[in-house]
2 protein chains.
Amino acid sequence: MIEETQTKGERTRQAVLDAAHRLFIGQGYAATSMRQIAKKAGIAPASIYNHFDSKDKMFEAILLERHPFLQIMPILSSTQGRNMEEFVRGAAHTLVDQLGHYPDILNLMLTEIVEFQGEHVSLLFQKFIPRVMPLIQRLYSLDGNMRDIPPFVLARAFLGMFFSYYITGALLGQAMPAEMQANALDHFVDIFLHGVLVKETA
Amino acid sequence: MIEETQTKGERTRQAVLDAAHRLFIGQGYAATSMRQIAKKAGIAPASIYNHFDSKDKMFEAILLERHPFLQIMPILSSTQGRNMEEFVRGAAHTLVDQLGHYPDILNLMLTEIVEFQGEHVSLLFQKFIPRVMPLIQRLYSLDGNMRDIPPFVLARAFLGMFFSYYITGALLGQAMPAEMQANALDHFVDIFLHGVLVKETA
DNA sequence: CCTACCGATCGGTAGG
DNA sequence: CCTACCGATCGGTAGG
């Protein structure tokens, strides 16, 4: 036992959050019942309501405390790299190594888009923007003979590269053996880098 | 009335498919009830089972007959363009103009990934691969001083550019007014083109 | 944090 | 293609 500062109530809350988080990722929001969550968390279904007002509020709490951005951003922050190429290559591989090749990581985000029509987006935006801004600034100020691309667009394209890698991977990964999977990330990174940097040698 | 070749049963089937399609896109699979679908289609709930064995089979039929790829691919096929740049710019704008700026188009695909864990992916792959192959070949054989990128990776990156545009748009679109939205597609296309082509002038 | 339970709604069937 | 209905399960509450 390392940390004992959590109250019992807080530990139970986290157990519920853990259970619900995994179930939402695995099968979506509507298909997950309070009874499934309770069983996985090891308590009675009614006890969940001591910690969350409703299923909806619980989902909102999970978004705010477990959104994939909260895993992605610390990794990006700790990525070394003296110039754009080093940073992007390092970030891409560290992200994929630590988050895994399967797109489950994005599922919570995708569920919010499809099952809630993105209704929490502005809430999340407000919460995350202060943490994202320094990263955008850092990305933009890296050396590398960058073409004339606005900082926000650059950040969006960088993020988009991961999303597209994961989602096309989900679409193809189960249907293809390896010919397209192998080194796909490296190719995506190459295309992004060539797309963003001014070519040094013709 | 243009076409009268459809039987009444077929027309009802299509009405059910239309209703379910729109509901699944708008709120996902599990959150959509057979009663909602029946009401929107104008028939009794039980009557749906004259056309589909189960809710699951109905979703499968919608995937096979209404998957976003079936809208995307004809647009790509009819896009003119003598070289890579013309083709990609034309394809990007025609797609977005005809499909709209909002990512609803991808929702059926995203629902399948999240709520069905991509279990229909290989089925869809089998059905679509014969139509996709010519497009990959065409894309790859376009003029444009292309860098050394395998055809499959090129096609995947091209597709990924749209996905990332739509999904990052869904994430940002509701929270931002215009500063990042304006010309975002053009920037994405530029990055892709620079990323894929050999630079002509330093 | 539990047992017991609520009304509502679910996917699907019987039978015509 | 409908009416009528099935058992099961849903999110949530009462009361302790």
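Below, chain A is the first sequence line, B the second, and so on; all start at residue 1.
Nucleotide D/dC1 holds its C1' atom 8 Å from the NE2 atom of B/H51, rounded to whole Å. Put simply, CD1 on B/I37 is 17 Å from P on C/dT9, counting in whole angstrom units. With rounding to whole Å, A/K39 atom NZ is found 15 Å from C/dC2 atom P.
Between A/F24 and A/Y29, the ring-plane angle classifies as tilted under the 30° and 60° cut-offs. Between A/F69 and A/F128, the ring-plane angle classifies as tilted under the 30° and 60° cut-offs.
The backbone N or O of A/S33 lies less than 3.5 Å from a partner atom in the side chain of A/Q36, making a donor-acceptor pair.
Listed here is the closest heavy atom pair of A/T32 and A/K55: O-NZ, 2.7 Å.
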query = Taking only Watson-Crick and G-U wobble pairs with both distances under 3.5 Å, what dot-bracket line describes DNA chain D, where [ ] shows pairs that cross earlier ones and | shows pairs with another strand?
reply = ||||||||||||||||

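With B/R89 as reference, B/D190 is the one residue of B/D190, B/T79, B/T94 to meet the side chain to side chain donor-acceptor pair (under 3.5 Å) rule.
Distance check, rounded to the nearest 0.5 Å: CG of B/L23 to CE of B/M34 gives 11.5 Å.
Residues B/Q6 and B/Q14 bring no donor and acceptor atom of their side chains to less than 3.5 Å of each other.
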task = Heavy atoms under 4.0 Å is the rule here; annotate nucleotides 11-16 of chain C 5' to 3' with B where the base is hit, S where only the sugar-phosphate is, and - elsewhere.
result = BBB---

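Salt bridge annotation for A/K40-A/D18: absent, with no cationic side-chain nitrogen under 4.0 angstrom from a carboxylate oxygen.
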